[in-house]
Amino acid sequence: MAKLEPYSPTPASRAGRIVMTIMPFAIGLVCVLFSFVPVGRIFGSPLTPAFPLMAVYYWAIVRPEMFPPLAVFTVGLLFDLLSGGEIGLWAFVYVVTYAVVVTQRMLVVNAPFSAFWIGFAFAAGFAGALAWVVVSIIHGVFVPPVSVMKHMAVTVAVFPIFAMLFGRIEARVLQGG
Amino acid sequence: MEPNRTALPFREFSHRISLIFMLTLAAALLLLGRAETYVFDRARQVVTDMAAPLLEIASRPVAATRRVIERTDEYAYVFDENERLRAENARLLAWKEEALKLQAKVARYEALLNVQVDPAINYASGRVVSDSGGPFVDTVLVNVGNEQGAKSGQAVIDTDGLVGRIVSTGPQASRVLLLTDLNSRIPVVIEPAHYKAVLAGDNTDWPKLEYLAAQSAVSAGDRVVTSGDGGLIPAGLPVGLVIQTSAGDLRVQTFSDRGRLDFVRVLQYEFPSKVKRQDPPEVLEGPPAGSEAEETGDATAPGDAQAAAVE
């Protein structure tokens, strides 16, 4: 009788696992950097979508175990440090939005894409409203909400492209792993 | 099967604890960020300096694409544009004659009145490498750092007019607070009547005019330039035009378009503030009776002594 070798993961599968573990977080970080690339200037507009919010929502729904609260917090904090705004604002907004999305993920996890998109529209609306309330309290004035509304509208409009992109990356890495 | 059954609730539990912990940490940071600014400013500068080269590389294709689009637009309207420029050139030539005459006149008056002309302003040119990032902040990063002489407070202009001022600098990059940001306050003058006001950003596309005298007759279309008050920004930089909103408020349409920011200049302006202090003498004495020469000597002596003491 042939002696069976004890099973142990090959180096390739181990590497794949590591990549899979850090991939959502890495995508989150890339999204933060990408928000500061002046893409809107191609069209002569200062509007840039909230790319990190897309990553937070996508991974909170699809694989929350691979995008833990620490990753959400780090992504938000990095955004705050780079943006020159209030420290902790987007870290707070993203963590709260993540918490809300994770509790409601069963509603959209196996639903068609339109439901996933509508869910994102709600999440973006919630995040924008929360950020607007926090900023208004901090500054002690009624901050005009038009810019945040535009920002979130653009984010919701371009979300399908990025959701598809995240899906492709996830499928590729899963296959590779 | 046994380990899996216990692992799942444990994972759920740890996830929940971690979520609560991160929420608390983020809320604490939001409060602490207001109080402990030095630590966060340092952290911000380090992160910005690390990200600036990456953002610069990423912004190059964006700038190139924009230029291609602009060039295509220009080709489409090249004949109309040529016609317009010819007409404008003819108009400007007449203005040039006028300007040269006025320049000579002003130079003569300045010489007559012994006016102290502002020193020439040095500048460092750079590119905007990052966008504002977020709907509540209107700042951009430029690739001019303190190694190129950038300092906090310096004015930043582009070909159209004032863009904003530098609020923090690192070795390689600086952050520019745009005129539309909630925290931006720039002392300005509204021409031609020379009314002073403060241009205050409020997170909209058109900053407000604050502290404008109640009786000032400012109307839409008036030109707004920097006043130079406070000594931070040189006087006379073009800022924008006064516009009237449908609600009747006076706001300013800035000349620089924040959607099209590309190359900018950081003005290294030093306000000539090293003025010799001249305190009056503590005891005012009348001129002693004597010759006129002695009188002048006595009158100037205490002043000189004071100035020497101050220095």
Side-chain angles (χ1 to χ4, degrees), chain A residues 32-48 50 64-65 68-74 76-96 98-99 102 128 131-132 134-136 138-139 141 143-152, chain B residues 11 14-15 18-23 25-34 37 40 43-44 46-48 51 54-55 58-59 61-63 65-66 69 128-141 167-168 175 177-178 180-183 202-205 257-262:
Chain A
V32 171
L33 276 182
F34 200 55
S35 341
F36 293 93
V37 177
V39 187
R41 258 185 268 150
I42 294 176
F43 317 102
S45 157
L47 277 176
T48 310
E65 70 280 3
L70 176 65
V72 181
F73 176 81
T74 312
L77 186 63
L78 184 67
F79 189 90
D80 287 328
L81 288 172
L82 274 172
S83 79
E86 305 298 332
I87 286 283
L89 170 68
W90 291 102
F92 179 72
V93 170
Y94 287 160
V95 173
V96 174
Y98 173 84
V102 163
W132 176 76
V134 172
V135 170
S136 293
I138 286 173
H139 286 272
V141 289
V143 178
V146 182
S147 62
V148 71
M149 281 157 71
K150 279 187 197 167
H151 180 67
M152 288 308 171
Chain B
R11 190 180 278 181
S14 73
H15 191 264
S18 144
L19 196 57
I20 293 166
F21 179 69
M22 287 304 150
L23 263 175
L25 191 61
L29 214 57
L30 203 53
L31 296 174
L32 266 178
R34 306 281 297 164
T37 53
F40 293 119
R44 185 169 279 184
V46 169
V47 172
T48 305
L54 287 175
L55 290 170
S59 72
V62 172
T65 315
R66 197 176 62 99
I69 292 173
V128 172
V129 293
S130 100
D131 225 336
S132 61
F136 303 112
V137 186
D138 266 338
T139 62
V140 290
L141 287 183
V167 283
S168 66
R175 184 177 299 284
L177 188 76
L178 301 183
T180 45
D181 188 276
L182 209 57
N183 296 309
D202 65 346
N203 210 34
T204 62
D205 289 343
D257 181 356
R258 67 188 168 132
R260 293 186 178 278
L261 290 177
D262 197 0

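Protein chains get the first letters and strands the later ones, always in sequence-line order, with residue 1 at the start of each.
- Chain B forms more heavy-atom pairs under 4.5 Å with one residue of A/Y94, A/Y98, A/F73 than with any other, namely A/F73.
- In terms of heavy-atom pairs under 4.5 Å with chain A, the best-connected choice from B/L54, B/V128, B/I69 is B/V128.
- B/D181 does not touch chain A: none of its heavy atoms, backbone or side chain, sits under 4.5 Å away.
- B/L29 has its side chain out of reach of A/F92: every pair of non-hydrogen atoms, C-beta onward, lies at least 4.5 Å apart.
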| Between B/V140 and B/L178, does a side-chain contact (heavy atoms from CB on, under 4.5 Å) hold up when you go through it step by step? | CA-CA 7 Å; B/V140 290; B/L178 301 183; 3.9 Å; yes

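- The shortest side-chain heavy-atom distance between B/F21 and A/P69 does not fall under the 4.5 Å cut-off.
- With chain A as the partner, the residue from B/L141, B/D202, B/L261, B/T65 showing the most heavy-atom pairs under 4.5 Å is B/L261.
- At least one side-chain heavy atom of A/L82 sits less than 4.5 Å from a side-chain heavy atom of B/V47.
- For A/V134, the part lying near chain B is the side chain, with the backbone staying farther off; criterion is any non-hydrogen pair under 4.5 Å.
- Each of A/A50, A/G85, A/A99, A/A91 has some count of heavy-atom pairs under 4.5 Å with chain B, and the biggest count is that of A/G85.
- Smallest separation of non-hydrogen atoms from B/M22 and A/L70: CE-CD1, 3.3 Å.
- Of all heavy-atom pairs spanning A/K150 and B/D205, the tightest one is NZ-OD2, 4.2 Å.
- With sequence neighbours excluded, the residues that form a salt bridge (Lys or Arg N to Asp or Glu O under 4.0 Å) with B/D138 are B/R258.
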| request: Evaluate the criterion ring pair (Phe, Tyr, Trp, His ring centres under 6.0 Å) for residue pair A/F36 and A/F79; output intermediate values, then yes/no. | output: CA-CA 9 Å; A/F36 293 93; A/F79 189 90; 5.1 Å; yes

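- No other option in A/P38, A/G88, A/G76 has as many heavy-atom pairs under 4.5 Å with chain B as A/P38.
- For a residue to count as touching a neighbouring chain, one of its non-hydrogen atoms must lie under 4.5 Å from one of that chain's; by this rule B/L25 touches chain A with backbone and side chain alike.
- Closest of all the heavy-atom pairs between A/A131 and A/W90 is CB-CH2, 3.6 Å.
- For a residue to count as touching a neighbouring chain, one of its non-hydrogen atoms must lie under 4.5 Å from one of that chain's; by this rule B/L55 touches chain A with the side chain only.
- Contact count against chain B (heavy-atom pairs under 4.5 Å) is highest for A/E86 among A/E65, A/E86, A/M152.
- Contacts of B/L182 with chain A are made by side-chain atoms alone, with heavy-atom separations under 4.5 Å and no backbone atom involved.
- Contact count versus chain A (heavy atoms, under 4.5 Å) is highest, among B/A28, B/S59, B/A43, B/S18, for B/S18.
- When A/I138, A/V96, A/L77, A/L89 are compared by the number of non-hydrogen pairs under 4.5 Å with chain B, A/I138 comes out ahead.
- With a 4.5 Å cut-off on non-hydrogen atoms, A/V37 touches chain B through its backbone and its side chain both.
- For A/P68, the side-chain contact (heavy atoms from CB on, under 4.5 Å) partners at least two apart in sequence or on another chain are A/A71.
- For a residue to count as touching a neighbouring chain, one of its non-hydrogen atoms must lie under 4.5 Å from one of that chain's; by this rule B/V167 does not touch chain A.
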